[in-house]
Amino acid sequence: MPVLGALRTEAPRPRIVREHPRAAWLAATTVCAGTFLGRCDAGAVVFSLPALRRHFDVSPVAVQWVSFGHLLTLAAVAAPMTRMVDALGPKLTWTYGFVVVTGASAVCGLTPSLTVLIAFRVVQAMGAAMVQAGGLALMSTGVVPGRPSTGAASLLGLVAGPVAGGLIIASAGWRWVFLAGVPAGCAGAVAGRCLLPRTRVSRKSHALPRGGRRSPGLTLTARFAVFAPLVLLPRLCAADGVPPAVAGLITATPPAGFVLAALLGPAHRTRLRVMVAAAGCVAVIAGITVEPAPGAVNTILLAALGVLLGTLVIARDTVPTPSVDRAVAAGELGMALAVVTVTLTGSPGGGRLALAAIALAVLVLAAPIAVRLPRARRRVTPVTAAETPPDARFLLANERTFLAWNRTALALVAAGLAVAQLLRPFPGVPWGRPALAVPLILLGAVIAVIGHLELSRNQRALYRSEPLPRSVLPKVLTFAVGVIALVSATVLVLSAAHGR
Amino acid sequence: MTGRPETASDPGLAEERTELAWRRTAIAFASLSGALVKVHPAIGIPALALSALVTGARRPVLTTVAVVAVSLMTLTAVLVKG
């Protein structure tokens, strides 16, 4: 069986890639791109459900199987796929996974019926599970460095999914949400073949860590709380007649908040902050429940909900996790449960029951995390026996940095005011100016607060003669400006399309 | 944590640079408040009063509170004015 043998043989990377000084970085980026595409697909497909329902003229429950079947399959095959990794090796599993995704995406995009679509979404999920298992194995064995980057890629995928879904549906129709998987899948397979290292030599080491002692319940609850708003928001937007492109931006608001929380990560890992974040989540959900229809106020509340939820989910990292394959399965099951819950409770009362379910999940998630986390540390006094007064020039430099960030914050607020007052309205996009101005102004407030936190933190480090901690502000600013640039491009494209 | 220790080392022109940084921040704050008065006087005048606080107090905590407050005032003005 030479063909079978050839299919089971890992091809080496091209020499130019293998000997490139950044070969490891290329491999890590490839794995992160796979994670990004998986999450992006989940968000975009959830977004296409209202359009699918109209096209096939079916019930809301029937159409949810497009998403539910996919997630349930991912949960079910997560553990078996680790055995496939043992047999084939991570590189081949990853590459063949993308081949399966490509074929299934093409059929999904050209499907004549909902049944065929659901069936091939299941096939697509098997391919996605292969990609996921191969990527995890590559990361866990250290063949590809950069495990934290997959978390960032996953979060960015959650942000990009709804935005891409909204834009594709508004401009090309729901079929292209699936057909977009064809070029992405081809690129993934080629990248897997050319950029990932051969790993069969040390095959035994690919087995993912197993035998964790903790229940995967926390992972399941966390993924439920994170994914449920992403399922609920497109429904609320569709029911309220919001255009798909705008609905995509609104749906991307909570995951954008997760990203912000992830950037601020370690600072939030105290019991008090987790409890405050949980209380804040419940308060924000209560605020949204008063009037669930999408609008400017609810968009701000959703961003706040994203930051608070992200704080909780990141704090979960401090709790011992189950084995990797169980965690993956629990996570996918949590997302599938979110789809079911929102389907069953999303319609009556404008989604109030679904919002209540999210609030309940937040409380269930927060309680065990808070118990396991340490209490907040007491504030340090300026000078104790262990501290020495630092050179005044360092303190003055720290103060000037704080002031520079404050001026940046003021400039952002001024930019937001200028956008709202000086720009002419965008034709056909009445929400364009507020969509640009509000994030700029909020970003100014956030930067001022973080700037002060960093001033205190740096001062403490100077008094203790410790190395200065790294600032998160450049990352926050870069990410936020990137998102605002994306929103600006969307507004301009929509306005230009309306003008034609 | 806001006081500066008295050390033997000569801070050189660091004091002056910091002084100028405070002035630039105060001017930026006052300019934004002035623009806010133009857009919505009822919101802008309290913001202008806050700029006096930033100029006079020179305390990091108060400056942060003032910047966050003026951000929220600007947000209110933008949402009210449409």
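Remember, it's a predicted structure, so these values are computed and weren't measured experimentally. Lettering of chains follows the sequences in order, A, B, ..., and the numbering in each one begins at 1.
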[atom2] on [Y] to [atom1] on [X], rounded to 0.5 Å:
X       : Y        : atom1 : atom2 : result
B:Leu72 : A:Ile441 : CG    : CD1   : 9.5 Å
B:Thr18 : A:Asn398 : OG1   : CG    : 10.0 Å
B:Leu75 : A:Leu417 : CG    : CG    : 10.5 Å

Which of A:Pro430, A:Gly451, A:Ala445 touches chain B most, by non-hydrogen pairs under 4.5 Å: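 Winner by heavy-atom pair count: A:Ala445.
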
Any [X] side-chain heavy atom under 4.5 Å of [Y] side chain:
X        : Y        : value
A:Val438 : B:Leu79  : yes
B:Arg17  : A:Leu396 : no
A:Arg407 : B:Phe29  : no

Best-contacting candidate, B:Ile27, B:Val65, B:Thr74, against chain A by heavy atom pairs under 4.5 angstrom: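 So the answer, after comparing B:Ile27, B:Val65, B:Thr74, is B:Thr74.
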
Where [X] and [Y] come nearest, the two heavy atoms and their spacing:
X        : Y        : value
A:Gly444 : B:Ser71  : C-OG, 4.2 Å
A:Leu410 : B:Thr25  : CD1-O, 4.0 Å
B:Thr64  : A:Ala448 : CG2-O, 3.4 Å

Expected output: side-chain A:Arg400 to main-chain B:Ala14 donor-acceptor under 3.5 Å: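 Flag set: sc A:Arg400 to bb B:Ala14 pair under 3.5 Å.
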
Donor-acceptor contact below 3.5 Å, side chain A:Arg393 vs main chain B:Glu15: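 It does not hold such a pair.
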
Positions in residues 30-38 of chain B that reach chain A, provided some heavy atom is under 4.5 Å away: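 Residues in range: B:Leu32, B:Ala35, B:Leu36.
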
Which residues share a side-chain hydrogen bond (donor to acceptor under 3.5 Å, both in side chains) with B:Arg24, sequence neighbours left out: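 Checked B:Arg24 against side-chain hydrogen bond (donor to acceptor under 3.5 Å, both in side chains); zero matches.
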
Contact origin within A:Leu442 toward chain B - heavy atom pairs under 4.5 Å: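 A:Leu442 touches chain B through side-chain heavy atoms alone.
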
